[in-house]
Number of protein chains: 2
Amino acid sequence: MSTSEVPQRSDAQRNRERILEVALAELSRSADVPLSAIAKKAGVGQGTFYRNFPNREALVLEVHRQEVRQLADSAAELARTREPDRALREWMDDLARYATAKAGLADALRQATAATGGAAKPGSHLLLAAIELLLNANHEAGTIRPGVTADDFFLAIAGVWQLDPRGDWQPRAARLFDLVMRGLRAGAPGHE
Amino acid sequence: MSTSEVPQRSDAQRNRERILEVALAELSRSADVPLSAIAKKAGVGQGTFYRNFPNREALVLEVHRQEVRQLADSAAELARTREPDRALREWMDDLARYATAKAGLADALRQATAATGGAAKPGSHLLLAAIELLLNANHEAGTIRPGVTADDFFLAIAGVWQLDPRGDWQPRAARLFDLVMRGLRAGAPGHE
DNA sequence: ACCTGAACACCGTTCAAGT
DNA sequence: ACCTGAACACCGTTCAAGT
């Protein structure tokens, strides 16, 4: 989709990039920065902002899409270069870092998708596919029980979105992941 | 606090109750109903609304407090009347029903508390204490491993807030709870 | 003591005018 | 083709005037 667009004028392209850059930084901090503040920091007028993103939701979804892609890439990379169980744990740690560093973005996404009644989150398919790589490697290695879907797993670690970025979230995250891993290992061939 | 207030004029009291009633219904549906719509449906002017709740956050927190109290009561009741493991599971089902029936409220709460940088959610202490009753009963019965705190447990089932109220959430919730229970049982004295 | 609704501020979104 | 900023609509919050 967005890769097959007509080439833009270079100044227009730079405007779009600057908006996204500023939006990522601002939304990570807080879900309710005014769009006018983002436009101003990016050095563009309101009109230019709305030319690129027709509304708040479109902006949030695009920022989210980029971030999710990185998480997916990271999962694929870990699945390729680490032992299965180590890969899974490291990716969970990545996710916890992401969820706490960009808590505002998660809120913004929830608001944006809730408003329209449920615009599918872009890239979630990509992310689930990458998680599946991690899970499959573990299934094959016998480190976790079969029959656990990427969706199951993602739901089980959803607690990361609840962690308080300003607090001492690391030990809470660690305890969550330990509990989930225990649940995944229970009944695995290479276990018990 | 709010129980030791000066008695209100009865019409004022009824106004407050009506506002809360309408707010619960509206916020359950969607987190971003205008406060003016709530005031209108409750049949009061803006001023009366703001006399009772100085801002959006105050309203959301109060509605949330009432709902959380019910969830806590339900946990205590189940802990008293059911076998430990059965009680825990039924309460999780309650929670899933709550989270899907009142999804908007959960969003509203997140927005309200995020806005002020982190107003403590009222009643969460109450809720965690009630969860502890459920967990302790299970620890004593040997149905789950010791060393799991109410906080751990609540984080592990946080996926309920991710369930789509318009979709087929029951099976997803069931799979989540099964996975969490497996994690809790692993290493329990009465197991393995 | 409590109520109402008009008034004000702020943010999302649009659009006329410019290059 | 793209940009700017003023203008408009809507919602949160306040407040003067009423009972």
Side-chain angles (χ1 to χ4, degrees), chain A residues 2 5-23 26-27 29-63 104 107-117 119, chain B residues 2 5-23 26-27 29-63 104 107-117 119:
Chain A
S2 65
E5 300 280 324
V6 183
Q8 293 176 306
R9 241 166 56 179
S10 69
D11 57 337
Q13 195 180 330
R14 244 176 306 118
N15 277 338
R16 184 188 169 85
E17 279 160 17
R18 269 225 302 283
I19 291 170
L20 279 171
E21 204 177 315
V22 171
E26 295 297 312
L27 288 174
R29 236 187 297 286
S30 159
D32 42 46
V33 255
L35 296 185
S36 52
I38 294 177
K40 181 173 261 185
K41 277 210 180 185
V44 302
Q46 303 276 82
T48 300
F49 180 92
Y50 277 87
R51 156 178 279 266
N52 280 283
F53 304 97
N55 51 44
R56 188 182 192 92
E57 183 186 357
L59 175 69
V60 171
L61 289 183
E62 177 59 19
V63 172
D107 286 346
L109 183 69
R110 237 188 302 267
Q111 290 175 227
T113 53
T116 20
Chain B
S2 65
E5 301 281 322
V6 182
Q8 292 177 306
R9 244 165 56 178
S10 69
D11 58 335
Q13 195 178 330
R14 244 176 306 120
N15 277 339
R16 183 188 170 85
E17 278 161 17
R18 270 225 301 282
I19 292 171
L20 279 171
E21 206 176 313
V22 171
E26 295 297 311
L27 288 174
R29 235 187 298 283
S30 159
D32 44 45
V33 255
L35 296 185
S36 51
I38 294 176
K40 180 174 260 184
K41 278 212 179 184
V44 302
Q46 303 276 80
T48 301
F49 179 93
Y50 277 87
R51 158 177 278 266
N52 281 283
F53 304 98
N55 50 45
R56 189 183 190 92
E57 182 186 0
L59 174 69
V60 171
L61 289 183
E62 178 58 21
V63 173
D107 285 346
L109 184 69
R110 236 186 303 266
Q111 291 176 227
T113 53
T116 19

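Quick note on labels: first sequence line is chain A, next is B, and so on, each numbered from 1.
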Quick one: is dT13(C) close enough that its OP1 or OP2 comes under 4.0 Å of any side-chain N or O from Tyr50(A)? yes

Per Ser36(B) side chain, nearest of listed nucleotides dG12(D), dC2(C), dT4(D): dG12(D)

Mate of dC11(D) where both pairing distances stay under 3.5 Å, Watson-Crick or G-U: none

Tell me which nucleotide, if any, is Watson-Crick or G-U wobble paired with dG18(C) when both distances must be under 3.5 Å. dC2(D)

Using the rule given for salt bridge (Lys or Arg N to Asp or Glu O under 4.0 Å), can you reason through Glu21(B) versus Arg18(B), listing the C-alpha separation, both sets of side-chain angles and the distance that settles it, and then say yes or no? CA-CA 5 Å; Glu21(B) 206 176 313; Arg18(B) 270 225 301 282; over 6 Å; no

Provide, to the nearest angstrom, the distance between the CZ atom belonging to Arg14(A) and the P atom belonging to dC3(D). 10 Å

With the side chain defined as heavy atoms from C-beta on, Asn55(A) is closest, among dC3(C), dT13(C), dC2(D), to dT13(C)

Starting at CD of Glu17(B) and ending at C1' of dC2(C), how long is that distance when rounded to a whole Å? 16 Å

Find the distance Asn52(B):CG to dT13(D):C1' and express it as a whole number of Å. 15 Å

Ignoring hydrogens, what is the shortest heavy-atom contact between Ala114(A) and Asp107(B)? Give both atom names and the distance. CB-OD2, 4.0 Å

Length of the line joining Asp11(B):CG and dT19(D):P, which is rounded to integer Å: 16 Å

Between Leu27(A) and Ala31(A) the two heavy atoms that sit nearest each other are CD2-O, 3.9 Å

With nearest nucleotides of DNA chain C determined for Ala37(A) and Gly47(B) from heavy-atom distances, which residue corresponds to the more 5′ nucleotide? Gly47(B)

OP1 or OP2 of dC2(C) under 4.0 Å from side-chain N/O of Thr48(B): no

Which of the following nucleotides, dC3(D), dT4(D), dG12(D), is nearest to the side chain of Ala12(A)? dC3(D)

Are OP1 or OP2 of dC2(C) and a side-chain N or O of Asn15(B) less than 4.0 angstrom apart? no

Which atoms form the tightest heavy-atom contact between Asn55(B) and Tyr50(B), and what is the distance? CA-CE2, 4.1 Å

If I take atom CD in residue Glu57(B) and atom C1' in nucleotide dT13(D), what distance separates them, rounded to the nearest angstrom? 14 Å

Per atom distances to the Arg56(B) side chain, the nearest of dT13(C), dC2(D), dG12(D) is dG12(D)

Nearest-angstrom distance from the residue atom CD1 of Ile38(A) to P of dC11(C): 12 Å

What's the CG-P distance between Leu35(A) and dT4(D), to the nearest Å? 16 Å

Nearest whole Å is fine: how far is dC2(D) P from Phe49(A) CZ? 17 Å

Would you indicate which nucleotide in dT13(C), dC3(C), dC2(D) comes nearest to any side-chain atom of Arg51(A)? dC2(D)

Working for salt bridge (Lys or Arg N to Asp or Glu O under 4.0 Å), residues Arg14(A) and Asp11(A): CA-CA 5 Å; Arg14(A) 244 176 306 118; Asp11(A) 57 337; over 6 Å; no

For the side chain of Gln46(B), starting at C-beta, report the closest nucleotide among dC3(D), dG12(C), dT14(D). dT14(D)

